[in-house]
Each structure stands twice: as C-alpha cells, then as structure tokens.
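To start, the structure itself, in structure tokens.
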Amino acid sequence: MGIPGCSMHGVAHAVSLEFILTIQAINGFKDILPEAVGRWQYIEQRARDIFERFGFQEIRMPILEKTELFVRSIGSATDVVEKEMYTFADKGITMRPEATASIMRAFIEHGLHVQQPVQRLYTIGPMFRHERPQKGRLRQFHQLNAEIIGASEPRVDAELIAMAQMLLDELGLAVSLELNSLGCPVCRPPFKEQLIVFLEQRHEALCGDCQRRTRTNPLRVLDCKKTSCRAVIKDAPSLLAALCPDCDRHFTEVRTVLSELRIPFQINRFMVRGLDYYTRTTFEFLTTDLGAQAAVGAGGRYDGLIEQLGGPPLSGIGFAMGLERLALLMDQHDHCPIPAKGMDVFVAALGTVTIAPAGQLVHALRRQGAKAAIDYSGRSLKAQLKQASRANARFTLIVGEDEWTRGEAILRDMRTQEQQPFALRGSSEEQAGRLLDMVQATATP
Ligand code: HAM
C-alpha cells in the first residue's frame, strides 16, 4: 500500500513486515544535484565577473531578518507580505523573501555610505516565498541581486540595466526588456486618486482580488493577468502621461542612454512590480520560454526606501535575477559551455600491501594541487578502471602487487589507452611531483 508523495522500502522482520517511509524534500524546495551544479556555478561565475567589471562588491546577509523590515520596505498590502512570507510569528522574524531590504538594512546599520558615498553591492543566495510551486517557481529560490546606492542620475539606471543585459548576453539568453516609470511621491498620489475613480466606476467588471486592491493597492490592478481585468485596464489612465516634470525628464534620459548603449527595450505602462518600494524607473527581463513564469529578472529605482528604513536620504536602484529560471532557460537552449569536470589521476591500488603507499601518494598529489582519487576496496583492475572512467579521470596509475615489489607502477592514459612505466622511488611528495610532470608532458588538451 502506498501513501501519496512517499516512497517505501520494505524491511522484512521475523514476524511482521514493516515499512520505513523515506523522507522527501518539502514541496517547492529543491535539491540541486551535482550534475546541475556545474551550470549554477557557471552562471554565478559569469555574474560575479561582470558585476566586478562594473565595480560591484559582494555583501552577504543573514537569511533571517526582523519581520518589520519586510513589512516596512516591501509594503503591508503586497502579496509577498500578505501571503507569502515564512514568518516565525512568536519570534517576530522572517526568512527573507528578497534581498534588497536586507542589503538596505545592512547598509544603514554599518553606515557604509560614510566610507564610500556611492555603494555598488551584489549578493547571491536563497530567498523564500510561499507561492504555489510551478515550473520556474519555487518556495526556496535563488537570486543574483545587484544594487547601486547613493546615485540618482538616470545614466546610472541605464548602466545598471546594461549590466543585467550584458550578463544575459554572455549567458547566451535572448530575452526582452520592458521598461516603465512609477513616478515619485509628487506625481504618484494624484495619479492613484485618478486611477481609483476609474476602477471604482468599473468595480463589477474586476476580479475579486482587484476589487479589494482598488482601495488597498490600486496600482497592482494594472498588471492583473485575468482577461476580464485586462479588458478594463487597457483604457485606464496612464501614469506615464501623469509624471511630474522631474520624473518625466529622468525617464526620457534613461531611454536615451539605453538607446545610446544599443539596448533594445519596450515601454510597458502596465508594469507596476509586486513590491511597494519602487519609484521612477522599473524594468523586467521577460521570456516566453518558461510558461507562466515570464520574468527572468526585474528591478527598479527605490529613492525613498533608505530614508523610510531610518537611513540617510539616499537614492538607490537594483535588480534581481532568478537563478532557477536562468538555469532552466540555459537547459532549454542547450547553452552548456561548461567544461566536463573530472579527476587528473585515479590511483588503482591492487592488493592489500599497495593501499597504504598509494594512499600517501594520492594525498601528496592533492597537496600539489591535482585532483586525485583512489579506491580502498582492493577490487579487481577491471572494476577500478571502470570506476576511473566514470570519474572521468585523465590518467590512471596502476599499482599492482608484483610491480610494487619491483618499485614500479603503470601510468595509463585514459584517452589513448597508452601505458608507460612509472618508477615508485623516493618519498610520496617526490613521486607526486614526477607523476604530475609526466602527466603534464603527456596530456594533450
Ligand atoms: P522580484 O521581481 O520579486 O524582485 O524577483 C526578481 C526575480 O526573482 C524574478 O524576476 C524571478 O526571476 C525570481 N523569482 C522571484 N520569485 C521567484 C520564485 N518564487 N521562484 C523562482 N524565481 C523567483 C525582487 O525580488 C527585487 N528585490 C528585485 C530588486 C532588486 N529590485 C531592486 N533591487
């Protein structure tokens, strides 16, 4: 008999048959297995490399923060805060649903602007949101996150977007860029009032969520995906048309610089983002290849956030990309420029007397920087050669009992199958050094 979601291993007992249930990962929490890790490391390395080219420094924050941090920054009327946070209510702490708020908290707490007025910070790590899991949507997911704090010029917005685009290009991913401006505390409140009047007049035609949002968070109605709401929203007033002169100038310059940098984009006046801290420029990188999960990355400017969290009146802009989504896209497009990983040398020790000296040799090889493997089980040569191939070893050093007594081993090139003798004289460090010289001289790239 099976229990849904569980697999069982039968364990026979003398009188009864008991089952041990295996424990599986929580829904929406996923293992990243060794075969997939290469791709993740590749993406992370490209990201680190590009971020550092743009002068960013890494910052790492804790995963748990005070719940208040997210309520004050993301906004109490957002889906993330209302429904998706993993909160320990009795302790008043939450597993971070995103990184921007935590970076700002750390920035303020450590007065980072005192050392350097403009800070460029990035972080890579897991985030937690209790959403319904789907392809490309997890409850523990990972983000590459980059923020520029203390610079308000529109050129900075374009530079940051250009950096995100460069990463996508270097990963070989073609995605589209959508751009919008959400205005500022001068132009957004009157626009909101105008929007509420428009939505209230069409209340009956809106979905239940949007009827509620009309009062709590009217801008969110603009990006409702339901067909009935879309039919209403298409005629809604445009925030872009209601921008104040400063916001309008800012947005115009962002577009001009993006064009100068030859970054193609489209304006989407309905894009509002799901987090409340945004002002002015917002953007999303979208794909049609991941079903419902269209956003590969997204971000925007948040000029009031640092002050709102008790810090100095500094502006900021940033973005985050979902690592799972990047990895899925790369899989789908078969972009896999990851060199196959393997061992430099596998040492096949045959017979019990050879195991100890072979073990010392492997340790010396590793100390000298080589990737070396050994099997201590004393299995047959055939079995060990098979294991060496599975480990993708470039060479196998065969240490047989007879050869060992003659002070000799055999070095086998696993690609050409050619073999040559290797003298087992001197200390294990000397042997390792000579072996590596030989390997380097023999191995063709
Ligand atoms: P976000 O749009 O909520 O923005 O998330 C950014 C990206 O994280 C999304 O485009 C998506 O690729 C990925 N992502 C979000 N939720 C999930 C999920 N449940 N499963 C898999 N991937 C997901 C932010 O988080 C902002 N903090 C971005 C930002 C930085 N804005 C300014 N600075």
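Since the structure is predicted, the reported quantities are computational estimates derived from the model, not experimental observations. Quick note: numbers below take in every heavy atom, side chains included, and nothing from hydrogens, waters or symmetry partners. Each ligand, and each atom within it, is numbered from 1 in the order the structure gives.
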What is the minimum heavy-atom distance between Ala370 and Leu436, and which atoms define it?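 Residues Ala370 and Leu436, closest heavy atoms: CB-CD2, 3.7 Å.
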
Within 45° of the six-membered ring axis of Phe395 and under 6.0 Å from that ring's centre, is NZ or CZ of Arg415 located there?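 That pair does not qualify as a cation-pi contact.
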
If we check side-chain contact (heavy atoms from CB on, under 4.5 Å) with Asp49, which of these qualifies: Gln45, Glu52, Arg53?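 Considering Gln45, Glu52, Arg53, a side-chain contact (heavy atoms from CB on, under 4.5 Å) with Asp49 is found only for Arg53.
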
Say you draw a straight line from OG1 of Thr396 to CG of Leu385; how long is it, rounded to the nearest 0.5 Å?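 So the gap between those two atoms works out to 5.5 Å.
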
Distances under 3.5 Å, N/O of ligand 1 against N/O of the protein: list each pair and its distance.
| residue | atom | partner | partner atom | Å |
| --- | --- | --- | --- | --- |
| ligand 1 | 2 (O) | Arg273 | NH1 | 3.1 |
| ligand 1 | 2 (O) | Arg273 | NH2 | 2.8 |
| ligand 1 | 3 (O) | Arg129 | NH1 | 2.9 |
| ligand 1 | 3 (O) | Arg129 | NH2 | 2.9 |
| ligand 1 | 4 (O) | Arg273 | NH2 | 3.0 |
| ligand 1 | 5 (O) | Gln143 | NE2 | 3.2 |
| ligand 1 | 8 (O) | Gln143 | NE2 | 3.1 |
| ligand 1 | 10 (O) | Ala295 | O | 3.4 |
| ligand 1 | 10 (O) | Gly297 | N | 3.4 |
| ligand 1 | 12 (O) | Ala295 | O | 3.1 |
| ligand 1 | 12 (O) | Val296 | O | 3.0 |
| ligand 1 | 12 (O) | Gly322 | N | 3.2 |
| ligand 1 | 19 (N) | Glu131 | OE2 | 2.7 |
| ligand 1 | 19 (N) | Leu138 | O | 2.9 |
| ligand 1 | 20 (N) | Leu138 | N | 3.0 |
| ligand 1 | 25 (O) | Arg129 | NH2 | 3.1 |
| ligand 1 | 25 (O) | Gln143 | NE2 | 3.0 |
| ligand 1 | 27 (N) | Glu98 | OE1 | 2.6 |
| ligand 1 | 27 (N) | Thr100 | OG1 | 2.9 |
| ligand 1 | 27 (N) | Tyr277 | OH | 3.0 |
| ligand 1 | 31 (N) | Tyr278 | OH | 2.6 |
| ligand 1 | 33 (N) | Thr100 | OG1 | 3.2 |
| ligand 1 | 33 (N) | Glu147 | OE1 | 2.9 |
| ligand 1 | 33 (N) | Glu147 | OE2 | 3.0 |
| ligand 1 | 33 (N) | Gly318 | O | 3.4 |
| ligand 1 | 33 (N) | Phe319 | N | 3.3 |

Between His130 and Tyr86, how do the two ring planes meet: parallel, tilted or perpendicular, split at 30° and 60°?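 Perpendicular.
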
Distance-only donor-acceptor hits, side chain of residues 70-81, under 3.5 Å, sequence neighbours excluded:
| residue | atom | partner | partner atom | Å |
| --- | --- | --- | --- | --- |
| Arg72 | NH2 | Gln308 | O | 3.3 |
| Ser73 | OG | Leu69 | O | 2.7 |
| Thr78 | OG1 | Gly75 | O | 2.7 |
| Thr78 | OG1 | Val81 | N | 3.3 |

